[in-house]
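Encoded as structure tokens, the structure appears first; notes follow it.
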Amino acid sequence: MSMFCFQCQETFKNSGCLKRGVCGKTSEVANLQDFLIWISKGLSEIAVKSGRENKEVVDRVILNLFTTITNANFDDEQIKDRIVETVDLMNSMREDKNYSHAAKWSSKDFSEIEEKISSGEVSILAEENEDVRSLKELITYGLKGMAAYARHAKVLGYESEKVNNFILTTMAELLREKSLEDLVALTLETGSMGYLAMATLDKANTKTYGNPEISNVNIGTRNKPGILVSGHDLKDFEMLLEQAKDSGVDIYTHSEMLPANYYPSFKKYENFVGNYGNAWWKQRDEFEAFNGPILMTTNCIVPPKDSYKDKLFTTGAAGYPGCKYIEEDEKGHKDFSEIIELAKTCKAPEEIEKGSIVGGFAHSQVMELADKVIEAVKKGDITKFIVMAGCDGRMADREYYTEFAKKLPKSTVILTAGCAKYRYNKLNLGDINGIPRVLDAGQCNDSYSLIQIALALVDAFGVESVNDLPLVYNIAWYEQKAVIVLLALLSLGVKNIHLGPSLPAFLSPNVTDVLVEKFNIAGITNVEDDIKNLII
């Protein structure tokens, strides 16, 4: 069966994956995910029309959206289970017949589901108008990123009713015919709600684990067996640290889990060693070299090698066929004893790097340095800030970001968040009056910190908006959490964002023109010309 997917930056020929995802998902998984999103819209419509708040619906729709993010879940059986659970919930809530086709769906028979998929109605391409399709998918991908952030906050006991309600109402609205003007407005509203979702997660993380601190993070190893934690979920990380603290097993972070090293609450664990490896796309070699088990808490899975597949565990929205899945109980607790016991039988990690890297420049920490930063700007020691947040990826053209960082004038400071940092966070770029030239705020969701820093600079310099600051944006993107960060920036009126290494395939020419006209969004060209245009 064919498929169509163009939600990530690496989509085939920047057009769309048709037989198998570049990410590694099969056409069966891709089509099941499309069906899951379609009935999630139907479930949202049923909930909205009922007029009743329903915690179970919110949790289900958010989990379904998160499950379909790029590189999160490759397990067709898990996705089928989530389809069945969603249909059961729809059937228990449906009250009348005045629903869309998606809300009327009631069958759990997968021969009927496959027939529905084959009909093309649940496909992205079912929307024939290219511009309407483009905006609806842009909104959908924004909702996927928003759902990821909302779920991370929810497991820590924090949520926003506004965000929850917006996700349901917007999912339902996407089933309706909408004008381009209405969809543009809804796109910007999605960005505003994404900003609120990031603010909620920032509050959840900092209230639970403390404000991130400037930290020197060890990137070497010790001689004990270890467990490597990748993904994004801090709650899972905390539970594992607590369960493993007296086991003789060391714990390491990987990729987007690096910022866990910045939180005060985690520093009390003597078996928390530091960070191992680099961005997600290098994991096939790094996971093999680690020797011990790996826990994938969220997305960023690369189809594993056989050499470590039996040591790869997933949880939450993540899944991979043939890998053990860790369930949570009714109280949200997860038992990681199997991973810990397996680790005890493994060799210590192979050391692939030595030394340390610096991070922890979230908004609270940078505010403490504000006077020093402002003085450096006023004296001309800092001439420009460059936001280089976002995602990394495996394509060769991503080397652009390393070269861009290397060739920036020495009077510039990089503000970063997300795994894009791995293109330059281990370069020796020096400092300006003691201020490192790479300020890492944390995970992709910690782009919220970068926004807070920019807003504080607006007040400090007495300018009208962030667009008047000595601040430029050269952002790398890969998946849907980067999409919601971009929409959040646009909703705040940020202009002149350069986005690469390619513009999203899901943006039609007309929608791209709208973004260029309203926000002066542009792609990247080459390092020399972009530095000349953005910096000098």
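If you look at Phe237 and Tyr269, their ring centroids are not closer than 6.0 Å. Checked against the 6.0 Å centroid criterion, the rings of His254 and Phe290 do not qualify as a close aromatic pair.
Checked by atom type, the side-chain pair Gln243/Ser337 shows no donor-acceptor distance below 3.5 Å. Side-chain atoms of Arg398 and Gln9 include a donor-acceptor pair closer than 3.5 Å. Using a 3.5 Å distance cut-off with no hydrogens or angles, the side chains of Thr416 and Asp440 do not pair a donor with an acceptor. Side-chain polar atoms of Asp530 and Thr525 form a donor-acceptor pair below 3.5 angstrom. A donor atom on one side chain and an acceptor atom on the other are not found under 3.5 Å apart for Thr200 and Glu159.
Of the possible polar contacts, one joining the Tyr276 side chain to the Glu350 backbone as a donor-acceptor pair under 3.5 Å is found. Checked by atom type and distance alone, the side chain of Gln480 pairs as donor or acceptor with a backbone atom of Thr70 at under 3.5 Å. Although no hydrogens or angles enter the test, the distance criterion places no donor-acceptor pair under 3.5 Å between the side chain of Ser255 and the main chain of Ala279. Without hydrogens or angle criteria, Ser449 side chain to Ala441 main chain gives no donor-acceptor distance under 3.5 Å. Between the side chain of Trp281 and the backbone N or O of Met395, no donor-acceptor pair lies under 3.5 Å. Side-chain N or O atoms of Asn64 include none that pairs as donor or acceptor with a backbone N or O of Leu36 at under 3.5 Å. Asn73 places a side-chain N or O within 3.5 Å of a backbone atom of Ala317 that can act as its donor or acceptor partner. Panel note: side chain Glu10, backbone Arg394; a donor-acceptor pair is recorded below 3.5 Å. Side-chain N or O atoms of Gln365 include one that pairs as donor or acceptor with a backbone N or O of Ile214 at under 3.5 Å. Glu286 places a side-chain N or O within 3.5 Å of a backbone atom of Asn278 that can act as its donor or acceptor partner.
Counting heavy atoms from C-beta outward, Leu439 and Leu450 have side chains that stay 4.5 Å or more apart. Contact annotation: the side chain of Leu507 approaches that of Leu515 to within less than 4.5 Å [non-hydrogen atoms, C-beta and beyond]. Within the 4.5 Å cutoff, the side chain of Leu429 has heavy atoms near those of the Ile414 side chain. For the pair Val438/Lys421, no side-chain contact is recorded, criterion being any heavy-atom separation below 4.5 Å from C-beta on. Asn14 is not listed as a side-chain neighbour of Phe6, based on a closest heavy-atom distance of 4.5 Å or more. Residues Ile227 and Ile294 form no side-chain contact, since every pair of their non-hydrogen atoms from C-beta on lies 4.5 Å or further apart. Between Val358 and Val217, the closest side-chain pair of non-hydrogen atoms is not below 4.5 Å. You'll find the side chain of Met257 stays beyond 4.5 Å of the side chain of Leu228, heavy atoms only.
Put simply, CD1 on Ile484 and OG on Ser491 are 8.0 Å apart, with the number rounded to the nearest 0.5 Å.
Evaluation of the salt bridge (Lys or Arg N to Asp or Glu O under 4.0 Å) test over residues 469-494, restricted to residues two or more places apart or in two chains, returns Glu479-Lys481. Applying the salt bridge (Lys or Arg N to Asp or Glu O under 4.0 Å) test to every pair with at least one member in residues 237-266, sequence neighbours left out, gives these pairs: Arg222-Asp250, Lys235-Glu238, Glu242-Lys245. Contacts classified as salt bridge (Lys or Arg N to Asp or Glu O under 4.0 Å) and involving residues 200-210 (residues at least two apart or in different chains) are not found. Counting only residues at least two apart or in different chains, ring-ring contact (aromatic ring centres under 6.0 Å, His included) contacts with residues 360-403 comprise His363-Tyr448, Tyr400-Phe404. For residues 378-388, the salt bridge (Lys or Arg N to Asp or Glu O under 4.0 Å) pairs, not counting sequence neighbours, are Lys379-Asp381. Counting only residues at least two apart or on different chains, the side-chain hydrogen bond (donor to acceptor under 3.5 Å, both in side chains) pairs with a member in residues 139-158 are Gln7-Lys144, Asp59-Lys154, Thr68-Lys144, Glu137-Tyr141, His152-Asp233.
By the side-chain contact (heavy atoms from CB on, under 4.5 Å) test, Asn496 pairs with Asn520, sequence neighbours left out. Taking the side-chain contact (heavy atoms from CB on, under 4.5 Å) definition, one finds that Pro303 meets it with Phe74, Tyr320, sequence neighbours left out. Remark: Glu368 pairs with no residue by the salt bridge (Lys or Arg N to Asp or Glu O under 4.0 Å) rule, at least two apart or across chains. The salt bridge (Lys or Arg N to Asp or Glu O under 4.0 Å) search around Arg423 returns Asp392, Glu399, not counting sequence neighbours. Residues forming a side-chain contact (heavy atoms from CB on, under 4.5 Å) with Lys354 (at least two apart in sequence, or on another chain): Glu351. A search for side-chain contact (heavy atoms from CB on, under 4.5 Å) contacts involving Thr383 returns Ser411, Thr412, not counting sequence neighbours.
The existence of a salt bridge linking Lys324 and Glu338 is confirmed by a sub-4.0 Å separation between a basic side-chain nitrogen and an acidic carboxylate oxygen.
Here the options are Asn275, Asn216, Thr253, the test is side chain to side chain donor-acceptor pair (under 3.5 Å), and the partner is Asn261; only Thr253 passes. Checking each of Phe287, Tyr422, Tyr478 against Trp280 for a ring-ring contact (aromatic ring centres under 6.0 Å, His included) leaves exactly one that passes, namely Tyr478.
Closest approach of Gly277 to Ile352, counting heavy atoms only: CA-CD1, 3.9 Å. In plain terms, the two heavy atoms of Cys8 and Trp477 that are nearest each other are C-CH2, 3.5 Å. Heavy atoms only, all atoms of each residue included: Cys444 and Val485 are closest at O-CG2, 3.9 Å. The two residues Thr298 and Gly231 have their closest heavy-atom pair at OG1-CA, 3.2 Å.
For Lys305, the NZ atom counts as densely surrounded, since its 6.0 Å shell holds more than 12 non-hydrogen atoms of other residues, nucleotides or ligands. The neighbour count for Asn223 CG, taken as heavy atoms of other residues, nucleotides or ligands under 6.0 Å away, does not exceed 12.
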(request) Give the C-alpha distance, both sets of side-chain angles, the deciding distance and a yes or no for salt bridge (Lys or Arg N to Asp or Glu O under 4.0 Å) between Asp329 and Lys334. (result) CA-CA 7 Å; Asp329 64 20; Lys334 297 178 183 181; over 6 Å; no
